[in-house]
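The structure appears right after this line, and notes come after that.
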Amino acid sequence: MALLPVEDALARLLDSAGTLGTEEVHIADAAGRVLAEDLRALRTQPPFPASAMDGYAVRAADIATVPAELRVIGESAAGHRFSGKVGAGECVRIFTGAPVPPGADTVLIQEDATVLGDGLIRANETEAEGRHVRREGLDFALGAVILPAGRRLDPAALSLAAAANHVRLSVARRPLVAILATGDELLPPGSEPGPDQIIASNSFGVAALATAAGAAVIDLGIARDDHGLIEAEINRARAAGADIIVTLGGASVGDHDLVRDVLAGAGMELDFWKIAMRPGKPLMVGRFGETRVLGLPGNPVSSLVCAHLFLKPLIAALCGTRDIADIRTAALASPMGPNGDRQDYVRAKCTPGDNEALTVAPFARQDSSMLSTLADANCLVIRRPGAPAAEAGETVSCLMLRQPGD
Ligand SMILES: Nc1nc2c(c(=O)[nH]1)N[C@H]1C(S)=C(S)[C@@H](COP(=O)(O)OP(=O)(O)OC[C@H]3O[C@@H](n4cnc5c(N)ncnc54)[C@H](O)[C@@H]3O)O[C@H]1N2
Ligand code: MOO
């Protein structure tokens with residue numbers, strides 16, 4: 001039977017994945033969270049016509065012909081407005097951010113004025129009306145939608161929300177991701193492995209990816225290849241209220257690959273198992289009601305590549321937003337052979353050239369057990385199923401894992 005294409009697998013995974021409800025968080029704790037509803041300004045910014053420069057608040061008509069002498073009748077500083085009005089032949093010393101007093105319509109920067117003493121200045125340049133004046137509401141007006149629902153609260157969004165006087169924000173509840181490693185051979189880092197043992201690594205990368213994507217994570221540790229032990233951990237994840245259960249390993253066809261059987265026995269509804277992808281063929285997706293299950297293959301590279309392609313977008317969808325993969329085109333530094341029938345994600349390194357155009361060098365070794373090559377890669381060259389051989393210099397698509405050149 002033909003394996004499920006990657007795009008179809010992703011569409012099925014994301015189908016009906018909506019937000020998990022909302023909660024309020026203090027703005028200081030809201031970084032990376034996703035707005036649950038449109039955010040409206042609670043104030044107008046700037047709340048008054050404000051000077052954009054240090055200088056003198058003047059009437060443009062008074063300096064239409066220069067040089068022109070003006071009388072300084074007061075000062076307007078940020079936080080301390082001048083309470084009077086500027087009349088003909090008058091001006092007010094003003095600083096950046098300060099309210100422009102009534103009567104004045106322009107700010108003459110101080111570089112264009114000479115202080116004459118006795119409360120007088122001389123304007124040496126003309127200035128158009130409204131110059132260096134930020135009109136009231138230039139940034140946003142009371143009641144305006146400043147950020148849409150679904151916007152991730154990045155640095156600019158957080159500062160904007162704060163400027164609009166929000167202190168608590170309604171955000172999508174974080175999905176809870178429970179991660180379970182399986183395998184008799186696995187020990188946690190810091191252990192002294194026996195001759196047949198290795199260190200369980202996948203949970204750490206997958207947890208980091210899930211956290212960065214906006215999830216809360218519980219690490220269920222390592223279950224041995226034992227039906228009862230794996231089932232106990234799955235039950236623990238469900239009791240903890242996991243929205244996504246991620247299993248690592250045991251997803252393939254070997255005699256000790258028990259995960260799928262255990263999950264099925266526990267009542268998981270299997271959506272699909274095995275997809276047309278390399279690495280990551282044994283990916284398994286199912287659900288216990290609203291709890292989604294993502295069975296990632298045990299090979300470390302397969303686990304992380306699947307987490308990038310499937311776990312990240314699923315977390316984003318459950319947060320009410322979209323994960324848009326960073327895919328760039330690059331010229332191949334060396335030729336690639338024809339691809340097989342699975343979509344291949346080839347570990348590679350992208351480098352920007354003089355004109356910013358990218359060149360990508362695929363690595364010779366593509367074993368899905370090799371974390372050293374994955375850590376060295378800054379991108380994955382996407383090779384379509386059945387893609388013909390590609391010459392050096394041909395353009396290919398690269399899924400970025402880090403910045404090019406990094
Ligand atoms: N006869 C077949 N054999 C395999 C097939 C197949 O189609 N037919 N598929 C291969 C592919 S592709 C993959 S990927 C692996 C996936 O197997 P599992 O998901 O069952 O993973 P395991 O067998 O448990 O482990 C594979 C490998 O990864 C190591 N591992 C597992 N968990 C971790 C962890 N948390 N941290 C670090 N390393 C881990 C494990 O020791 C094994 O070396 O199956 C192929 N076989
Ligand atoms: O597809 Mo497996 O994930 O090649 O190593």
Side-chain angles (χ1 to χ4, degrees), residues 1-6 9 177-191 193-210 217-227 229-230 233-234 237 245-264 270 272-286 293-311 339-347 362-363 365-375 377 380-383 385 399:
M1 197 183 73
L3 294 173
L4 190 63
V6 172
V177 177
I179 302 175
L180 176 65
T182 63
D184 282 354
E185 74 282 27
L186 303 176
L187 286 178
S191 312
D196 298 340
Q197 292 179 309
I198 62 163
I199 302 299
S201 55
N202 298 355
S203 313
F204 298 93
V206 172
L209 183 143
V217 170
I218 39 174
D219 185 348
L220 299 171
I222 302 163
R224 298 175 62 82
D225 291 320
D226 174 279
H227 201 283
L229 292 176
I230 298 173
E233 292 306 326
I234 298 297
I245 300 174
V246 175
T247 60
L248 303 169
S252 190
V253 292
D255 294 349
H256 304 280
D257 293 335
L258 306 176
V259 171
R260 200 168 41 89
D261 280 355
V262 173
L263 289 165
L270 181 70
F272 58 85
W273 177 47
K274 293 189 181 171
I275 62 171
M277 172 175 169
R278 182 172 58 227
K281 181 173 81 171
L283 178 78
M284 182 196 63
V285 165
V293 179
L294 214 52
L296 304 186
N299 275 323
V301 175
S302 316
S303 271
L304 275 173
V305 171
C306 283
H308 263 286
L309 287 169
F310 296 98
L311 180 58
N339 194 25
D341 56 1
R342 292 193 266 162
Q343 182 142 304
D344 205 349
Y345 291 85
V346 179
R347 276 69 82 200
F363 298 157
R365 303 194 109 171
Q366 292 292 327
D367 189 311
S368 61
S369 70
M370 291 178 65
L371 283 170
S372 52
T373 49
L374 183 64
L380 301 168
V381 177
I382 306 172
R383 298 277 284 150
L399 170 65

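We count residues from 1, following the sequence as given. Counting convention: from 1, in listed order, for ligands and their atoms alike.
- In this structure the side chain of Leu294 reaches within 4.5 angstrom of the side chain of Val285, judged on heavy atoms.
- With contacts defined as side-chain heavy-atom distances shorter than 4.5 Å, the pair Cys306/Met277 qualifies.
- Here Arg278 pairs with Asp344 under the salt bridge (charged side-chain N to carboxylate O under 4.0 Å, His left out) rule; sequence neighbours left out.
- Under the 4.5 Å side-chain criterion, counting only non-hydrogen atoms from C-beta, Pro188 is not in contact with Ile199.
- A 4.5 Å side-chain heavy-atom check between Leu380 and Val346 finds every atom pair outside the cut-off.
- Residues forming a salt bridge (charged side-chain N to carboxylate O under 4.0 Å, His left out) with Asp225 (at least two apart in sequence, or on another chain): none.
- Sorted by chain and number, the residues within 4.0 Å of ligand 1 by heavy atom are Ala181, Glu185, Leu186, Ile198, Ile199, Ala200, Ser201, Asn202, Gly249, Gly250, Ala251, Ser252, Val253, Asp257, Lys281, Pro282, Pro297, Gly298, Asn299, Pro300, Ser302.
- Each of Ile275, Val6, Leu3 was scored for a side chain to side chain contact (heavy atoms under 4.5 Å, CB included) with Gln343, with one residue passing: Val6.
- In this structure, Leu248 and Val206 have side chains that are in contact, with non-hydrogen atoms separated by less than 4.5 Å.
- When all heavy atoms are compared, the tightest approach of Ser303 to Pro297 is OG-O, 2.6 Å.
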Please give the N or O to N or O pairs under 3.5 Å between ligand 2 and the protein, distances rounded to 0.1 Å.
unit_1   : atom_1 : unit_2 : atom_2 : d
ligand 2 : 1 (O)  : Gly280 : N      : 2.7
ligand 2 : 1 (O)  : Lys281 : N      : 3.1
ligand 2 : 1 (O)  : Arg342 : NH1    : 3.2
ligand 2 : 3 (O)  : Gly280 : N      : 2.4
ligand 2 : 3 (O)  : Ser302 : OG     : 2.6
ligand 2 : 5 (O)  : Asn299 : ND2    : 3.2
ligand 2 : 5 (O)  : Ser302 : OG     : 3.1
ligand 2 : 5 (O)  : Ser368 : OG     : 2.4

